[in-house]
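Within every chain, numbering begins at 1; the chains are lettered A, B, ... in the order of the sequence lines, protein sequences first and strands thereafter.
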Protein chains: 4
Amino acid sequence: MERKTEQPRRRPRADYLRNRERLLTAAAEVFRTHGGQATLEGVAKAAGVGIGTLYRHFPTREALFEAVYRREINEMVALAERLEGEADPVAALRQWVHANIRLIATKQGMLTALALAVDKSSEIYTYSYTSLTGAIARLLARAKEAGRMREDVTPEDLLLTLIGMCLVRTGPGFEDDVTRLADLFLDGLTKGQGDSGGM
Amino acid sequence: MERKTEQPRRRPRADYLRNRERLLTAAAEVFRTHGGQATLEGVAKAAGVGIGTLYRHFPTREALFEAVYRREINEMVALAERLEGEADPVAALRQWVHANIRLIATKQGMLTALALAVDKSSEIYTYSYTSLTGAIARLLARAKEAGRMREDVTPEDLLLTLIGMCLVRTGPGFEDDVTRLADLFLDGLTKGQGDSGGM
Amino acid sequence: MERKTEQPRRRPRADYLRNRERLLTAAAEVFRTHGGQATLEGVAKAAGVGIGTLYRHFPTREALFEAVYRREINEMVALAERLEGEADPVAALRQWVHANIRLIATKQGMLTALALAVDKSSEIYTYSYTSLTGAIARLLARAKEAGRMREDVTPEDLLLTLIGMCLVRTGPGFEDDVTRLADLFLDGLTKGQGDSGGM
Amino acid sequence: MERKTEQPRRRPRADYLRNRERLLTAAAEVFRTHGGQATLEGVAKAAGVGIGTLYRHFPTREALFEAVYRREINEMVALAERLEGEADPVAALRQWVHANIRLIATKQGMLTALALAVDKSSEIYTYSYTSLTGAIARLLARAKEAGRMREDVTPEDLLLTLIGMCLVRTGPGFEDDVTRLADLFLDGLTKGQGDSGGM
DNA sequence: CATGAATGAGCCTTCATTCAT
DNA sequence: GATGAATGAAGGCTCATTCAT
C-alpha cells in the first residue's frame with residue numbers, strides 16, 4: 001500500500017515551504033551574528049516558528065547547517081559559470097574573485113561561521129569543495145592556455161587563499177581590505193596586459 | 001583593602017607554579033584536540049589537578065583561554081625578533097613565514113581553535129595583533145628599504161594572509177601545503193636575488 | 001446545538017470504519033512490541049493513516065488505549081462463555097485457563113503493556129475486571145457445586161493469579177512455562193477425577 | 001601518575017554519602033508512587049538536591065534504577081538466609097513467603113514499578129533473579145528431602161508466582177490478599193503436619 | 001473527513017561556576 | 001591552597017495535541 005517512490009509526490013503545503021524559507025533565512029542571519037554554536041531555539045525564534053517546526057524541517061543541527069551552507073555555495077558556483085564567457089581569461093578570474101568577495105561581504109560572517117563549523121569530512125564539505133574547485137578550474141585553465149598565469153598554481157590554491165583571506169577579515173572595510181589582499185595575491189601569479197599588478 | 005604597599009608579594013609556592021604550568025600545557029593540548037568548546041573539567045583532568053585548582057589559577061574560562069593564547073603569540077613574536085639580524089631581508093621574511101608555519105603545524109588546531117574562540121574586540125586580540133604586526137613591520141621595513149618588496153604591502157597584509165592560509169588547511173600535509181601557498185604569495189610581492197619565485 | 005433529535009445518525013462512511021479497524025489493529029501490534037509508551041505518531045504510521053485521523057477516532061491517548069484494551073478483554077470473556085456448556089466443570093475451568101494463556105501468548109507483551117498503562121481506578125479497569133470475574137465465576141460455581149473445588153477460592157483469586165503468572169513471564173517458552181505454573185496452582189485447588197494434579 | 005586502582009581510596013566526603021542515601025530513598029519513594037517513568041527531576045527534588053547531583057551519583061537513569069533495585073533484592077535475600085535455620089522446612093518456606101509479602105507491602109508499588117521497568121536482559125535482572133532463586137532453592141530442597149513438597153516444583157516456580165501475585169494487587173488490603181493467595185498456592189504444593197492447607 | 005505541519009510544554013543532559021571539606 | 005561535590009541555568013530533543021489545508 002506504499003506510495004510508489006517515483007510517483008511525483010503532491011506539492012508540499014504552502015506554509016511548509018514558507019516556513020522552510022524563513023528558517024533558512026533566519027538561520028543564515030543567526031549563524032552570521034552568533035557563529036556556528038548559535039542555539040537552534042534562537043534560530044526558530046528568529047524565524048518566527050516553534051522549535052518543533054525547526055526540527056521537523058531539519059532533524060539535526062547538521063542538517064540545518066548543511067542546507068544553509070549549500071545555498072551559499074551554489075551562489076558562488078553560479079557566479080563562476082556566468083564568467084566563463086568573458087574574453088580576457090585573467091580578467092575573468094579577477095572578476096570572479098572580486099564578485100565573490102562582494103558576495104561574501106553581503107553576508108559577512110556567515111561564510112566564516114560555516115567554514116569553521118562544518119566538519120571537514122562531511123558530505124557537504126566535499127560537495128562544496130568540489131563544486132567550487134571545478135568552477136575555478138575552468139577559469140584558470142583558460143588563463144594558463146593564454147600563457148598569462150604561473151603554471152604551478154592550482155584551483156585549490158586560489159580557492160583556499162581566497163577563503164583564508166575572507167576568514168581573517170571582519171567588520172566594516174571588509175570588502176576593500178580583502179579585495180586589496182586578493183589583488184596582491186593575483187598580481188603575483190599573473191603577467192601581461194590589463195593586470196593591475198606591478199610594483 | 002589594598003594589600004600593604006608596593007611590597008613585592010611573597011614568591012608563590014613551588015607547587016602553585018607547577019600547577020599553573022601543567023594547566024597551561026594541558027589546556028593547549030586539550031584545546032588543540034577538542035577545539036575551543038572543550039570542557040574545563042577535561043582540562044583539569046588532563047593537567048592532573050582538581051577543577052577547583054584550575055579556577056583558582058584562572059577564575060574564568062576566558063582567563064584560561066587568554067593565558068594560553070598569549071603564550072602562543074609570544075613564541076611567534078620571539079621568532080621574528082631572532083630573525084632581525086639576518087643579512088638578507090627578504091630571506092629573513094621568508095624564513096619567518098616558514099618558521100611560523102612550522103610552529104603552527106606543531107600545534108595543529110590550537111591556533112584555529114583560539115582564533116575562533118577569541119572575541120575580536122577583546123584585550124588579548126588587540127595585544128596579539130599589535131605584537132605580531134610590530135614584529136613583522138621591522139622585517140618588512142628592511143626589505144622595502146632594500147628595494148626588494150612592493151611598497152604597498154603592509155605588515156597586516158602579510159600577517160592576515162598567513163593566518164588565513166593556516167586556517168583553511170588542516171590535517172596531514174598541512175605544513176607543506178601552507179608553505180607552498182605562502183611562497184606563492186611572497187613570490188608575487190618580492191623581486192630579486194635568492195627569491196624562489198619565478199614563473 | 002444538539003443534533004436534530006433521536007434520528008439514527010447516518011451510517012458512518014465505509015472508509016471511516018476501515019480506518020478505525022486499522023488503527024486498533026495497528027495499535028495492538030505497536031503496543032505489543034514497543035510497550036505502552038509507544039508514540040501515537042508511530043501507531044498512525046503503522047495503520048497507514050495520518051495522525052489527524054487517529055485523533056479523530058480516539059481524541060486522546062487514553063481513549064485509544066481503552067479501545068484496544070476492551071477488545072482484548074472481550075475475547076477472553078467470549079472464551080469463557082463458550083466453555084460454559086462443557087460437561088466436566090473442572091476440565092472446563094482448566095481449559096479456560098489454558099486457552100487464555102494461549103490467547104495471551106499470541107499477543108505477547110500486549111497484555112503486559114496494557115496492564116501497566118491502565119489506571120487502576122479507570123472505567124476500563126472496572127469494566128474488564130468485572131467482565132472477567134463474572135465469566136470465571138460461572139465456571140467456578142459449577143466446579144464447587146460438584147464438590148471438586150476448594151470452597152474458599154474466589155473468581156478474583158483465579159483471575160489475578162493467572163494474570164500475575166502471565167506478567168512475570170516473557171519471551172519464548174512463555175506458553176509452556178505459564179501453563180505449567182497455572183496447572184500447579186489449579187492442582188492445589190481441585191480434587192478428583194481427570195485432574196492432572198497429584199504428588 | 002594515576003592513582004593505583006587497588007589503593008584504598010580516601011573515604012568519600014560525608015555530604016557525598018548523605019546525598020547518595022537521600023537519593024536512593026527518594027527514588028524508591030518516587031518510583032513507588034509514580035512508576036518507573038517518573039522524572040529524574042522529580043527524584044532530585046524529592047531528595048532535596050540539584051539535578052546535577054543526581055547525575056553525578058547516577059550518570060544514567062538505569063544506574064539509579066539498578067541501585068534502588070539492588071537494595072530491595074538484598075533485603076529479600078537476607079530474609080531467606082535468616083530462615084535457613086528454621087526446624088520445620090515447610091514452615092520456613094511459608095514464613096519466607098509471608099515475610100516477603102510483608103516486606104513488599106511496606107514499599108507498595110516499588111517492586112512492581114521496578115519489576116516492570118527493568119530490562120529483562122540487564123545485568124541487574126540476572127543478579128536479582130539468581131540471588132533470589134538461590135535463596136529459595138535452599139529452603140525448597142529441605143522441604144523436598146522431608147517428603148513434604150511436590151518434587152516437580154522449582155524455585156523459579158515459587159519465585160515467579162509470588163512476584164506475579166504481588167504485581168496484580170495494589171492498594172489497601174494488599175498484604176492480606178496476597179498472603180491468602182500465596183497460601184492457597186502453597187497448600188497445593190505441600191502436604192502433612194502444620195500446613196494450613198486442606199479443603 | 002483525511003492529512004500532516006505547527007506548536008510548545010516538559011524532560012533530559014551538560015558544564016561553568018561556587019563552596020564545603 | 002587543593003580538592004571534588006553541589007548547583008542550576010540553559011540548550012537539546014520528543015511527542016501529545018491542535019489546526020490549516
Side-chain angles (χ1 to χ4, degrees), chain A residues 9-20 22-23 37-45 47-57 59-61, chain B residues 12-16 18-20 37-45 48-64, chain C residues 12-16 18-19 37-45 47-62 64, chain D residues 9-20 23 37-45 47-57 59-61:
Chain A
R9 55 192 59 238
R10 186 199 320 239
R11 140 196 313 238
R13 276 164 50 167
D15 57 345
Y16 180 90
L17 257 22
R18 175 165 31 79
N19 279 337
R20 187 185 169 86
R22 278 191 190 174
L23 278 165
Q37 54 315 295
T39 77
L40 297 191
E41 205 89 33
V43 171
K45 186 161 301 175
V49 306
I51 181 67
T53 300
L54 185 153
Y55 271 91
R56 170 176 282 266
H57 285 270
T60 76
R61 164 178 279 266
Chain B
R13 283 166 43 171
D15 60 340
Y16 181 92
R18 179 164 31 78
N19 278 340
R20 186 185 168 86
Q37 43 334 281
T39 76
L40 296 192
E41 197 90 34
V43 170
K45 184 162 300 175
V49 306
I51 181 69
T53 302
L54 184 154
Y55 266 85
R56 171 166 296 272
H57 286 272
F58 308 100
T60 133
R61 161 177 265 268
E62 269 306 296
L64 173 59
Chain C
R13 282 164 45 169
D15 60 341
Y16 181 92
R18 178 164 30 79
N19 278 341
Q37 45 329 284
T39 76
L40 296 192
E41 196 90 35
V43 171
K45 183 162 302 174
V49 306
I51 180 70
T53 301
L54 184 155
Y55 266 85
R56 170 166 295 272
H57 286 273
F58 308 100
T60 132
R61 160 176 267 268
E62 268 307 295
L64 172 59
Chain D
R9 56 191 60 236
R10 186 200 319 240
R11 136 192 318 232
R13 277 164 48 168
D15 57 345
Y16 180 91
L17 258 22
R18 177 167 30 79
N19 279 337
R20 187 186 169 86
L23 278 165
Q37 55 314 294
T39 77
L40 298 191
E41 204 90 34
V43 171
K45 187 160 301 177
V49 306
I51 181 66
T53 301
L54 184 154
Y55 269 89
R56 170 177 282 267
H57 285 270
T60 76
R61 164 178 278 266

- Message: Can you give me the dot-bracket string for DNA chain F, 5' to 3', counting Watson-Crick and G-U wobble pairs with both distances under 3.5 Å, using [ ] for crossing pairs and | for partners on another strand?
- Response: .||||||||||||||||||||

- Message: Working to the nearest 0.5 angstrom, can you tell me the gap between Arg20(B) CZ and Leu64(B) CG?
- Response: 9.5 Å

- Query: So, is Arg56(D) close to the dG4(F) phosphate, meaning a side-chain N or O under 4.0 Å from OP1 or OP2?
  - Reply: no

- Nearest whole angstrom, please: distance from the P of dA2(E) to the NZ of Lys45(C). 19 Å

- Between Val49(C) and Gly48(A), who's closer to the 5' end of DNA chain E by nearest nucleotide? Val49(C)

- Note on the structure: Heavy-atom nearest nucleotide on DNA chain F taken for Asp15(A) and for Leu54(D); more 5' hit belongs to Leu54(D)

- Query: Say you draw a straight line from NE2 of His57(C) to OH of Tyr16(C); how long is it, rounded to the nearest 0.5 Å?
  - Reply: 5.0 Å

- OH on Tyr55(C) to OG1 on Thr60(C), rounded to 0.5 Å: 7.0 Å

- Nearest-angstrom distance from the residue atom CZ of Phe58(B) to P of dA16(E): 15 Å

- Quick one, give me the B/S/- string for nucleotides 12-19 of chain F, reading 5' to 3', where B means a protein heavy atom under 4.0 Å from the base and S means that only happens at the primed atoms, P, OP1 or OP2. SBBSSBB-

- Item | Sequence-distant partners of Arg22(A), side chain to side chain contact (heavy atoms under 4.5 Å, CB included), two or more places apart | Arg18(A), Asn19(A), Ala47(A)

- Below 4.0 Å: OP1/OP2 of dC1(E) and any side-chain N or O of His57(C): no

- Nearest-neighbour nucleotide for the Thr53(D) side chain, dT7(F), dG4(F), dA2(F) considered: dT7(F)

- Can you tell me the distance, in whole Å, between the CG atom of Leu23(D) and the P atom of dA5(F)? 14 Å

- Message: Rounding to an integer number of Å, can you tell me how far Tyr16(D) OH sits from dT3(F) C1'?
- Response: 15 Å

Show every donor-acceptor pair shorter than 3.5 Å between a side-chain atom in residues 37-45 of chain B and any protein atom, with sequence neighbours excluded, or say none if there are none.
residue  : atom : partner  : partner atom : Å
Gln37(B) : NE2  : His34(B) : O            : 2.4
Thr39(B) : OG1  : Gly42(B) : N            : 3.0

- Message: Does a side-chain N or O of Asn19(B) approach OP1 or OP2 of dG1(F) to a distance below 4.0 Å, or not?
- Response: no

